[in-house]
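All of these numbers come straight from a predicted model, not from anything done at the bench.
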Amino acid sequence: MTHATEPPLVPRPAATVMLVRDTEPGSREGLGVFLMRRHAKMHFAAGTMVFPGGGVDDRDRNADLARRRAWAGPPPQWWAQRFGIDTDLAEALVCAAARETFEESGVLFAGPAGRSGSARDGIVGDASVYRDARRALADGTLSFADFLRDENLELRSDLLRPWANWVTPEAERTRRYDTYFFVAALPEGQRADGENSESDSAGWTTPQAAIDDFAAGRSFLLPPTWTQLDSLVGRTVTDVLTLQRQIVTVQPKLEIQGDNWVFEFFDSDRYHRARESGGLGWRH
């Protein structure tokens, strides 16, 4: 709990990617989304269901992919305008989104340098061939910029779309994030595996099934994840890739009621009804 004499922690910029794919032809379930469950021993958000993602680090800030011509698709200036941030941060966020998604799910938003004009030939079809680089990226011994250079690849920012921006409540005393949400379709030929050190399970589900699991007490969703899943219900991949979202920063309030933390945000009543129906609480 925040005390009057304690200033709130400064939120760290972060990027997270809602990886989606169409369900079986003819299905009425809409799209599928890739979710992971964080290890119970993690210091932050342990045991919660999350999308691939993480904090922006120095490797992302210093990647300078656009200047190195290792970038294809909307430039950093476009992303800065959509998210309402400066260009340097926008470039670092897109880099972090691509890097974290590759590290945590094995999905790579990249293609052979200079071939982005071809939708099929310009995207990596089997990212598993870069498994050694994926491990080196995860343990910090390789930067994403150096990986792209070594493999003669370029980041495909056109495979990503801006979706939302949430900031961790000021009352959080462990760590805070200024998280920018992206959405992206699973590239043809690639697979998401969830083989990483931060999660103990991962897989595809529908947004509604994930919400239902939370309401039934079978899983736990923090408000940003729950809200983004709710925004995907009933949509197709084409819907989400063509939708022009207005990005409005959301920073919930967090307070103690009895033994539980309670969030307050624009849809908090629905969220808490779902949480309570499953008997779930976030105790302090």
Side-chain angles (χ1 to χ4, degrees), residues 2 7-19 36 38 42-45 48 50-68 70-71 73-105 107 109-110 137-140 142-148 155-157 159-184 196 198-199 222-225 227-228 231 245-254 263 265:
T2 302
L9 299 174
V10 176
R12 176 186 175 187
T16 190
V17 178
M18 299 186 294
L19 193 60
M36 308 182 302
R38 287 173 62 83
M42 296 294 290
H43 293 299
F44 185 78
T48 62
V50 296
F51 308 110
V56 171
D57 62 22
D58 290 340
R59 296 175 295 171
D60 306 313
R61 295 184 184 279
N62 299 324
D64 208 8
L65 298 180
R67 185 183 63 82
R68 296 184 187 188
W71 181 294
Q77 294 85 349
W78 183 89
W79 288 97
Q81 183 178 28
R82 294 303 305 276
F83 278 131
I85 55 179
D86 67 65
T87 302
D88 289 344
L89 177 57
E91 183 170 358
L93 282 166
V94 175
C95 181
R99 175 183 59 77
E100 287 280 353
T101 302
F102 184 44
E103 289 179 15
E104 296 189 349
S105 74
V107 172
F109 304 122
L137 285 165
D139 64 27
L142 178 68
S143 72
F144 197 61
D146 287 343
F147 162 62
L148 295 177
L155 185 154
R156 290 291 301 270
S157 77
L159 300 180
L160 295 157
R161 297 289 187 277
W163 195 259
N165 174 214
W166 281 61
V167 181
T168 307
E170 291 186 353
E172 172 58 51
R173 304 309 300 166
T174 304
R175 62 190 68 181
R176 297 182 65 216
Y177 291 100
D178 183 1
T179 303
Y180 293 83
F181 287 81
F182 298 77
V183 65
N196 61 74
E198 296 186 359
S199 64
L222 288 171
T225 310
T227 303
Q228 306 325 312
S231 73
R245 294 266 292 184
Q246 181 179 1
I247 310 300
V248 177
T249 301
V250 179
Q251 181 174 301
K253 292 183 179 180
L254 184 61
F263 295 94
F265 61 100

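- Side chains of P224 and T179 form no contact here, defined as non-hydrogen atoms less than 4.5 Å apart.
- Contact of the R245 side chain with the S231 side chain is registered, since non-hydrogen atoms from C-beta on lie closer than 4.5 Å.
- The ring-ring contact (aromatic ring centres under 6.0 Å, His included) check on F102 picks up F147, with sequence neighbours excluded.
- In this structure, I85 CD1 and W79 CH2 are separated by 10.0 Å, a value rounded to the nearest 0.5 Å.
- With sequence neighbours excluded, no residue forms a side chain to side chain donor-acceptor pair (under 3.5 Å) with T16.
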Test log, rule side chain to side chain contact (heavy atoms under 4.5 Å, CB included), inputs L65 and L148: CA-CA 9 Å; L65 298 180; L148 295 177; 3.9 Å; yes

Check step by step if side chain to side chain contact (heavy atoms under 4.5 Å, CB included) holds for Y177 and R175. CA-CA 7 Å; Y177 291 100; R175 62 190 68 181; 3.3 Å; yes

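- The two atoms that bring A164 and F83 nearest to each other are O-CE2, 4.0 Å, heavy atoms only.
- Inter-residue side-chain proximity for W71 and P76 is flagged as met; some heavy-atom pair is nearer than 4.5 Å.
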Determine, step by step, whether E172 and L9 satisfy the side chain to side chain contact (heavy atoms under 4.5 Å, CB included) criterion, reporting the C-alpha distance in whole Å, the side-chain angles of both residues, the deciding distance to 0.1 Å, and the verdict. CA-CA 8 Å; E172 172 58 51; L9 299 174; 5.8 Å; no

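- If you take CG on D178 and CH2 on W166, they are separated by 13.0 Å, rounding to the nearest 0.5 Å.
- Considering all non-hydrogen atoms of both residues, V56 and A96 come closest at CG2-CB, 3.9 Å.
- Going from atom CG of L137 over to atom OG of S143 covers 7.5 Å, rounded to the nearest 0.5 Å.
- When side chains are defined from C-beta on, D88 does not count as touching R61, because their heavy atoms never get closer than 4.5 Å.
- We find the CD-CG distance between E100 and D57 to be 7.5 Å, quoted to the nearest 0.5 Å.
- Between the CG atom of L142 and the CD atom of E103 there is a distance of 9.5 Å, given to the nearest 0.5 Å.
- N196 is listed as a side-chain neighbour of M36, based on a closest heavy-atom distance under 4.5 Å.
- Within 6.0 Å of the CD atom in Q77, the count of heavy atoms belonging to other residues, nucleotides or ligands exceeds 12.
- When every heavy atom of F144 is checked against every heavy atom of C95, the shortest pair comes out as CD2-SG, 3.9 Å.
- When all heavy atoms are compared, the tightest approach of V17 to A184 is CG1-CB, 4.1 Å.
- The heavy-atom pair separating P74 from S157 by the smallest distance is O-OG, 2.8 Å.
- In terms of modelled atom types and a separation under 3.5 Å, the side chain of E91 and the main chain of A66 share a donor-acceptor contact.
- Note: M18 CE to T101 OG1 = 11.5 Å, rounded to the nearest 0.5 Å.
- With a 4.5 Å cut-off on side-chain heavy atoms, N165 and Y180 count as touching.
- With sequence neighbours left out, T227 forms a side chain to side chain donor-acceptor pair (under 3.5 Å) with no residue at all.
- In this structure, F51 and L19 have side chains that are not in contact, with every pair of non-hydrogen atoms separated by 4.5 Å or more.
- Within the 4.5 Å cutoff, no side-chain heavy atoms of V10 are placed close to those of R176.
- Of all heavy-atom pairs spanning L155 and A98, the tightest one is CD1-CB, 3.8 Å.
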